[in-house]
Amino acid sequence: MTKKVTKAIFPVAGLGTRFLPATKSIPKEIMTLVDRPLIQYAIDEARAAGIEEFIFVTSRGKSALEDYFDHSPELAQTLRKKGKTELLETLKSTNMDSGAIAYIRQHQAKGLGHAVWCARRLLSDEPFAVILPDDIIRGETPCLKEMIEAHRETGGSIVAAMEVPPEKTSSYGVLDIQEDMGHVVSVKGLVEKPDASVAPSNLAVIGRYVLSPDVMKNLGKTSTGVGGEIQLTDAIAHEIDEGRPVYGYRFRGTRFDCGSKIGFLMATVAVALERDDLSGEFTEFLEGLMQMSLDLPRVKAS
């Protein structure tokens, strides 16, 4: 029987340079899809999956993340006096209990694997989750919840996976499949950012992981890989070399890469269309926009 997964690591130390100048003073994870920041979607997904302890790997300039999850008594009191109960409940969803959240600094940008390794002292001999807030996954059942349920059956390590166009494999970690069992695939290898000509498949790793504690030990011994960084996929691949199982999980839902501008825009539209209070008027706007005969003004990209 596998141990219960109760801790999740959120690597949020990146500078968000693709969103400059906005990210000069605002952490990318605080940027909003409609009225909720990216990090809130990640936290909500983790909570729905049964996560109880939240570990943020941050860097300089990320204090707004800590403030966001802190209690705001003055604001709560103002909303209460004005009878704005719905907004008060929304505010409560951003609060974290004392001791439930921890912040670790990543002092050097050495890659995702290094960011995860920075949280090693907050974990014991237990499986743990990793969530990349840039990846927003919308579906009926939260992606991480599906993965943790699958992990109860499989044990080992399990990574979220989706098919990508072959020409896009050089942007992802890619799975070398041993056996395809539908939503779950057993893995015999992982390759970080392979060219399409040598990629073992087009099944790519997406930003959700449920990992064996041995992966954290592997990270402590992993040398730099692609891009001169410590790659998480290399540490996971070492599990296979040691004879421990690794699986890919084809999640149900749509993934948006909010680390890119186009992905962020697509996610914003999708989230707005999900909302009962916005979808009607917003749909009319989009339909009208598509029918406009006049050219919209063009803005040169910075």
Side-chain angles (χ1 to χ4, degrees), residues 5-6 8-12 28-29 31-51 54 93 112 127-154 156-166 168-169 171-175 177 180-187 190 201-211 232-233 236 246-279 282-283 286:
V5 181
T6 61
I9 299 171
F10 299 80
V12 291
K28 177 182 59 179
E29 298 81 14
M31 293 176 62
T32 59
L33 298 180
V34 185
D35 54 5
R36 299 169 75 83
L38 292 176
I39 194 63
Q40 185 68 56
Y41 290 93
I43 287 291
D44 289 345
E45 182 177 335
R47 283 171 166 165
I51 297 299
F54 307 81
S93 71
L112 175 58
F128 61 98
V130 177
I131 299 180
L132 306 190
D134 277 359
D135 280 334
I136 296 293
I137 301 174
R138 308 299 286 169
E140 288 187 16
T141 304
C143 177
L144 188 63
K145 183 177 182 180
E146 287 187 353
M147 292 176 65
I148 288 177
E149 289 173 352
H151 180 259
R152 292 193 189 105
E153 301 296 324
T154 64
S157 295
I158 185 165
V159 300
M162 63 176 280
E163 273 87 7
V164 300
K168 297 286 188 180
T169 56
S171 298
Y172 297 89
V174 175
L175 303 181
I177 300 169
D180 193 330
M181 299 168 280
H183 280 293
V184 176
V185 300
S186 61
V187 178
L190 292 92
S201 74
N202 69 328
L203 194 59
V205 178
I206 302 303
R208 303 290 186 276
Y209 308 79
V210 180
L211 301 176
L232 182 58
T233 49
I236 298 171
V246 174
Y247 302 90
Y249 184 82
R250 289 189 179 97
F251 55 87
R252 302 169 180 85
T254 303
R255 174 254 187 174
F256 298 95
D257 176 11
C258 291
S260 71
K261 294 174 184 176
I262 188 63
F264 188 89
L265 289 171
M266 289 177 176
T268 300
V269 172
V271 169
L273 291 175
E274 291 175 2
R275 295 266 298 258
D276 291 338
D277 59 331
L278 299 174
S279 60
F282 191 49
T283 298
L286 292 176

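- Of all heavy-atom pairs spanning Tyr41 and Leu33, the tightest one is OH-O, 3.0 Å.
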Using the side-chain contact (heavy atoms from CB on, under 4.5 Å) rule, take Phe282 and Val269 through it: C-alpha gap first, then chi angles, then the decisive distance, then the call.
-> CA-CA 9 Å; Phe282 191 49; Val269 172; 4.0 Å; yes
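- The heavy-atom pair separating Val5 from Ile51 by the smallest distance is O-CD1, 3.8 Å.
- In terms of heavy-atom proximity, Tyr209 sits nearest to Val159 at CD2-CG1, 3.6 Å.
- Side-chain N or O atoms of His151 include none that pairs as donor or acceptor with a backbone N or O of Ser157 at under 3.5 Å.
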Please tabulate, for the side chains in residues 252-260, all donor-acceptor contacts under 3.5 angstrom to protein atoms that are two or more places apart in sequence or on a different chain.
{"residue": "Arg252", "atom": "NE", "partner": "His183", "partner atom": "NE2", "Å": "3.4"}
{"residue": "Arg252", "atom": "NH1", "partner": "Glu146", "partner atom": "OE2", "Å": "3.4"}
{"residue": "Arg252", "atom": "NH1", "partner": "Tyr249", "partner atom": "OH", "Å": "2.8"}
{"residue": "Arg252", "atom": "NH2", "partner": "His183", "partner atom": "NE2", "Å": "3.1"}
{"residue": "Arg255", "atom": "NE", "partner": "Asp135", "partner atom": "OD1", "Å": "2.9"}
{"residue": "Arg255", "atom": "NH1", "partner": "Tyr172", "partner atom": "OH", "Å": "2.9"}
{"residue": "Arg255", "atom": "NH2", "partner": "Asp135", "partner atom": "OD1", "Å": "2.9"}
{"residue": "Asp257", "atom": "OD1", "partner": "Gly259", "partner atom": "N", "Å": "3.0"}
{"residue": "Ser260", "atom": "OG", "partner": "Asp257", "partner atom": "O", "Å": "3.0"}
{"residue": "Ser260", "atom": "OG", "partner": "Gly263", "partner atom": "N", "Å": "3.1"}

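- A distance-only check finds a donor-acceptor pair linking the side chain of Ser201 to the backbone of Leu175 [under 3.5 Å].
- For Asp134, the side chain to side chain donor-acceptor pair (under 3.5 Å) partners at least two apart in sequence or on another chain are Lys28.
- A 4.5 Å side-chain heavy-atom check between Ile131 and Ile43 finds every atom pair outside the cut-off.
- By the 4.5 Å heavy-atom criterion applied to side chains, Leu203 and Asp180 are not counted as neighbours.
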Going through the checks in order, is the side-chain contact (heavy atoms from CB on, under 4.5 Å) test met by Phe251 and Met147?
-> CA-CA 8 Å; Phe251 55 87; Met147 292 176 65; 5.8 Å; no
With side-chain contact (heavy atoms from CB on, under 4.5 Å) as the test, would you mind laying out the steps for Ile236 and Val187 before giving the verdict?
-> CA-CA 10 Å; Ile236 298 171; Val187 178; over 6 Å; no
